[in-house]
Amino acid sequence: MLLRFPEVGTVNFDPTSKTLRFSFLLHPERFHGKMRELTKRITSALDLYHAFDGIEPIIFTIHSRNEEKLLSIEVVRDVVTLGLVEIGLLVDLLRQQASGGLWVEEEQAPLQDDEKEWQEELIANMLDNLKRDNQVQKLFAFREEGRVVVYNQ
């Protein structure tokens with residue numbers, strides 16, 4: 001997911017709750033005092049998507065965190081009702097609503113369409129596996145010096 005969506009800062013999978021937690025990092029100078037409005041707009045847009053597509057999320061939360069020199073938005077979704085389209089929509093919404101204030105890992109080279117399709121197939125398969133399997137390990141993926149690192153906890 002981190003390779004396909006460079007806007008995502010971290011992804012955590014919790015096998016107990018069967019949830020994925022996405023973290024997006026924001027530049028604090030652009031959003032000082034505006035995080036509540038930003039999370040409200042993202043929540044409203046995703047609620048509309050859920051209603052339109054007939055999705056009833058088991059778990060869907062969005063909240064912001066204010067760290068020393070960085071702001072973040074965390075979105076928690078159950079894997080049972082989560083799909084690739086929603087992940088793409090979430091990333092697009094944040095990119096649009098953040099208007100350049102979203103911290104994005106710089107890509108080495110733009111992805112070709114066939115590479116994007118391959119990565120999206122991989123993500124869809126991973127989501128299907130998480131829905132079906134009784135994964136017992138927590139997974140944590142993050143970026144470090146231009147690389148994606150995944151830990152089993």
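Numbers for residues simply follow the sequence, beginning at 1.
Not a single side chain to side chain donor-acceptor pair (under 3.5 Å) links Thr39 to another residue, sequence neighbours left out. Partners of Asp92 by salt bridge (Lys or Arg N to Asp or Glu O under 4.0 Å), not counting sequence neighbours, listed by chain and number: Arg95. Shown here are the side chain to side chain contact (heavy atoms under 4.5 Å, CB included) partners of Trp118, two or more places apart in sequence or in another chain: Glu115, Leu122. Under the rule for a salt bridge (Lys or Arg N to Asp or Glu O under 4.0 Å), the partners of Glu86 that lie at least two apart in sequence or sit in another chain are Arg77.
Of the inter-residue distances, the one linking Asp114 atom CG with Gln119 atom CD reads 10.5 Å to the nearest 0.5 angstrom. Separating the CG atom in Leu26 from the OG atom in Ser72 is a distance of 7.5 Å, to the nearest 0.5 Å. Separation of atoms CG (Leu46) and CZ (Arg41) is listed at 13.0 Å; rounding is to 0.5 Å. The line from CG of Leu139 to CG of Leu130 is 7.0 Å long, rounded to the nearest 0.5 Å. The OG atom of Ser64 sits 7.5 Å away from atom CG of Leu71, with the distance rounded to the nearest 0.5 Å. In this structure, the separation between CG on Asn125 and CG on Leu127 is 9.0 Å, given to the nearest 0.5 Å.
The closest side-chain heavy-atom distance from Lys138 to Pro15 is below 4.5 Å. No side-chain heavy atom of Arg21 sits less than 4.5 Å from a side-chain heavy atom of Val11. Side-chain atoms of His63 and Arg65, non-hydrogen and from C-beta on, do get closer than 4.5 Å to each other. The closest side-chain heavy-atom distance from Phe22 to Asn12 is not below 4.5 Å. Arg4 has its side chain out of reach of Ile87: every pair of non-hydrogen atoms, C-beta onward, lies at least 4.5 Å apart. At least one side-chain heavy atom of Val8 sits under 4.5 Å from a side-chain heavy atom of Phe24.
Judged purely by atom type and a 3.5 angstrom limit, Lys131 uses its side chain to pair as donor or acceptor with the backbone of Leu82. Judged by distance alone, with hydrogens and angles left aside, the side-chain atoms of Arg30 form a donor-acceptor pair with the main-chain N or O of Ser99 at under 3.5 Å.
In terms of hydrophobic clustering, with Ile, Leu, Val, Met, Phe, Trp and Tyr side chains grouped at heavy-atom distances under 4.5 Å, Val75 and Met126 are assigned to a common cluster. Ile73 and Leu20 fall within the same hydrophobic cluster, defined by Ile, Leu, Val, Met, Phe, Trp and Tyr side-chain heavy atoms under 4.5 Å apart, directly or through other members.
Heavy-atom minimum distance, Ala45 versus Leu93: CB-CD1, 3.7 Å. Considering all non-hydrogen atoms of both residues, Leu94 and Ile42 come closest at N-CD1, 4.0 Å. The shortest heavy-atom contact between Ser17 and Ile59 is O-CD1, 4.1 Å.
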Quiz item: Step by step, would you call Phe31 with Leu38 a side-chain contact (heavy atoms from CB on, under 4.5 Å)?
Solution: CA-CA 9 Å; Phe31 293 97; Leu38 179 62; 3.9 Å; yes
Practice problem: Starting from the C-alpha separation in whole Å, work towards a yes-or-no answer on side-chain contact (heavy atoms from CB on, under 4.5 Å) for Phe5 and Ile123. | Solution: CA-CA 11 Å; Phe5 301 108; Ile123 293 168; 4.0 Å; yes
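Side-chain contact, Thr81 with Asp78: a donor N or O sits under 3.5 Å from an acceptor N or O.
The hydrophobic cluster of Leu48 has no other members, since no ILVMFWY side-chain heavy atom comes under 4.5 Å of it.
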Identify each donor-acceptor pair in which a side-chain atom of residues 51-58 lies under 3.5 Å from a protein atom, sequence neighbours left out, and give them as a table.
unit_1	atom_1	unit_2	atom_2	d
Asp53	OD2	Tyr49	OH	3.4

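Screening Met1, Glu7, Gln96 for a side chain to side chain contact (heavy atoms under 4.5 Å, CB included) involving Val91 leaves a single residue, Glu7.
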